[in-house]
Amino acid sequence: MHLDHSHHGPAAVSADAHRPDGTRRALRIGLGGPVGSGKTATVAALCRQLRDELSLAVVTNDIYTREDAEFLLREAVLPPERITAVETGACPHTAIRDDISANLEAVEDLEETVGPLDLILVESGGDNLTATFSKGLVDAQIFVIDVAGGDDIPRKGGPGVTTADLLIVNKTDLAPYVGSDLARMAADAKAQRAELPVILQSLRGDSGVTEVAAWVRERLTAWTS
Amino acid sequence: MTHAALLVLADGRFPAGGHAHSGGAEAAVKAGRISCAADLEDFCRGRLHTAGLVAGALAAAAALGLDPRELDAAADARTPSPALRLAARRLGRQLLRAARASWPCPELDGIARSFPKGAHQPVVLGLAARAAGLGPAEAAYCALYESVSGPATATVRLLSLDPFDATGVLARLAPELDAVARTAVDAAGRAAAEGLQALPAASGPLLEIMAEAHASWPARLFAS
Amino acid sequence: MTLTDTRIGTPGTAPTGVGTELPGTAPAGVRADARIVARADGRGGTALPVLDGSGPLAVRRVRGSGAEARVMVVGAMSGPLGGDRFALDARVEEGARLWLGSAAATLALPGQAPGEARYDVRLAVADGAELHWLPEQLISATGSDLRVTTLAELAAGARLVLREEQVLGRAGERPGLLTTRLTLRVAGRTVLDQQLSCGPGAPGGWDGPATLAGHRAVGQLLVVRPEFAEQPPAPRMLGDHAALMPLPGPAALLTALAPDALRLRRVLDEGRALLG
């Protein structure tokens, strides 16, 4: 593949860091994880926290198209023109990994219509533990699991848990009620992921999404430097 | 010319966005018109002889080197449904990205410049075939096969139809697909000699009407 | 070639515009032509300097309203039958307004002459002119084989309301083979080109879930207005089996399916009312 090919026309290559006009494109961060683990809630919280300092947009991939987009709209976390829903043909992992065409089109259209953008969050439809984002689509990925899904998930591993750039263990406030052992989850995650970061989070707690937002800011600093 | 390029282009895993489109099957399933393999076969046969034939001829004509802008306008005129025109252009844009990465060439770059929002997918398919060193017949075959394989794959997902039954449908349609491919290629040849009115304009009324209904649904699994 | 059509020479088949094919060029059958030219009369009305047609395509001027001239195809005999060639040619010149309808449905029947029947409609509308082409239904009877082409060529500032209704078989009857092609060009650009084939002998799947799914009446209402270029009507459904669709040009198309002719007409009328 010829990365220098793009000067003949609009970029053909999805991972190109520059837009056709030569400017640096937005950082793209993917959020994946099982159904109900809190991906959309995390996206909403990130938007609220970052929207005043960054130019943001969101692409959602829910299996029931538009549901997540409508949630984000209802919560009024971003103006509607900054949220795009992508249909996934009943295969959410295909749309973020095997054939990223529709998602790429969505992120490029967002940059064109509401840009310039600093950050685009691409939220996957809920899937299983094997789903990961293609490097052709996102620059970094967050995998979101929750304590209610079973405290053995970090131990089970799988590509999402072991390779994501950030693992979020969500809904820690529920741990006492569902009998999940937070210490064990943290230790298992550490064993699976070596140096890769893990954040235990409760969006209902005082700190909310702050730690994750700080991680996003770091990635953005690295991207723009 | 390499025949193997045809396999690359026609592969259902070629990353050109097709997996998110049902070719009208989602609307037909919801309306109760596809509920078994026999219905799927009927649906696919109808699509093959209408939208499929038109797509096949457009792809063959593009592979022959006819003016892509004129072919794109001809595709527009043969697609009354705005939802289908939008889907065809999106798929064309997505296919162009995959084709440019696979077979980089100035002709495809030019298409990207001329159609920033995408050209009709069959036209891009013909140009991609050309860039891959394939001819009009191969281009027509790709378009025709997609016209039936898309609904078949989608129906497997939508109805949990036995995948062996769905593949059997495609296999049974193969001889008919050969015949339609010949018609499509002949028409493309005539279009080159006589003008684009020689291209087929076959239509399936329900494909158009239901595409509009589908586009108005608040929740759906497939983009079209 | 012998002339086998028994209708030749029957009352109503006057010589003008009606004849038989020249020997050796086509199967024997009736040839009928109608020609209409509508011209602004300079006094705010529309004159008809050419109003020709006879036999199956006999035409009559009827009382119009305002600036509009009204013409009816009164069809003095049934048809088209196999081997027949019908051609209707209407031209509406600058500033003129023509309303063109038919007194009865057209019934495609099998004929004694070999080969399919043809019915070719050519419509030309100039700038500032308006044409309504609102014929009654076309009914495809068992054993018939009819090809219909309709080509409307409009100038950029022309207006058109066109209705086509195909009914597959008389009540309770299997249809014949019917192929219709509708082409619209505006200012030389093709805006719509659509062919429908149905009935025994049509390409496979013609009555399946992608095409007609058992509906026995299919129709189109095509409306062309210069102002649609800037403000196209929004796409919308009219019930479950009809869609109003803005075309890639100053035009909108309503495509509708219905169980029968009556219900089809109701939907198309609703579409006309919607478009105003």
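Just so you know, these numbers come straight off a predicted model, no measurement behind them. All chains are named by letter (A, B, ...) in the order of the sequence lines, taking the proteins before the strands, and each is independently numbered beginning at 1. Reckoned from all heavy atoms, side chains included, excluding hydrogens, waters and symmetry mates.
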Item to check | Reference residue B:Arg90; test salt bridge (Lys or Arg N to Asp or Glu O under 4.0 Å); the match among A:Glu87, A:Glu105, A:Glu108 | outcome: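 Between B:Arg90 and the candidates, salt bridge (Lys or Arg N to Asp or Glu O under 4.0 Å) is satisfied uniquely by A:Glu105.
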Checklist entry - Looking only at atom types and distance, does a side-chain atom of B:Arg97 sit under 3.5 Å from a main-chain N or O of A:Ser101, one as donor and one as acceptor? => result no
Item to check | Residue part contacting chain A, namely of B:Ala223, when any heavy atom lies under 4.5 Å | outcome: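 Both backbone and side chain.
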Residue [X] excluded, over 12 heavy atoms near [atom1] under 6.0 Å:
| X | atom1 | value |
| --- | --- | --- |
| A:Arg204 | CZ | no |
| B:Arg69 | CZ | yes |
| B:Phe14 | CZ | yes |

Checklist outcome for this item: Between the CG atom in A:Asp109 and the NZ atom in B:Lys117, the distance rounded to the nearest 0.5 Å is 4.0 Å
Item to check | NE2-CG distance between B:His19 and A:Asp99, expressed to the nearest 0.5 angstrom | outcome: 4.0 Å
Checklist outcome for this item: Hits for side-chain contact (heavy atoms from CB on, under 4.5 Å) against A:Thr130, two or more places apart or cross-chain, chain-then-number order -> A:Asn128, A:Pro159
Item to check | B:Arg172: partners by salt bridge (charged side-chain N to carboxylate O under 4.0 Å, His left out), with sequence neighbours left out | outcome: B:Glu41
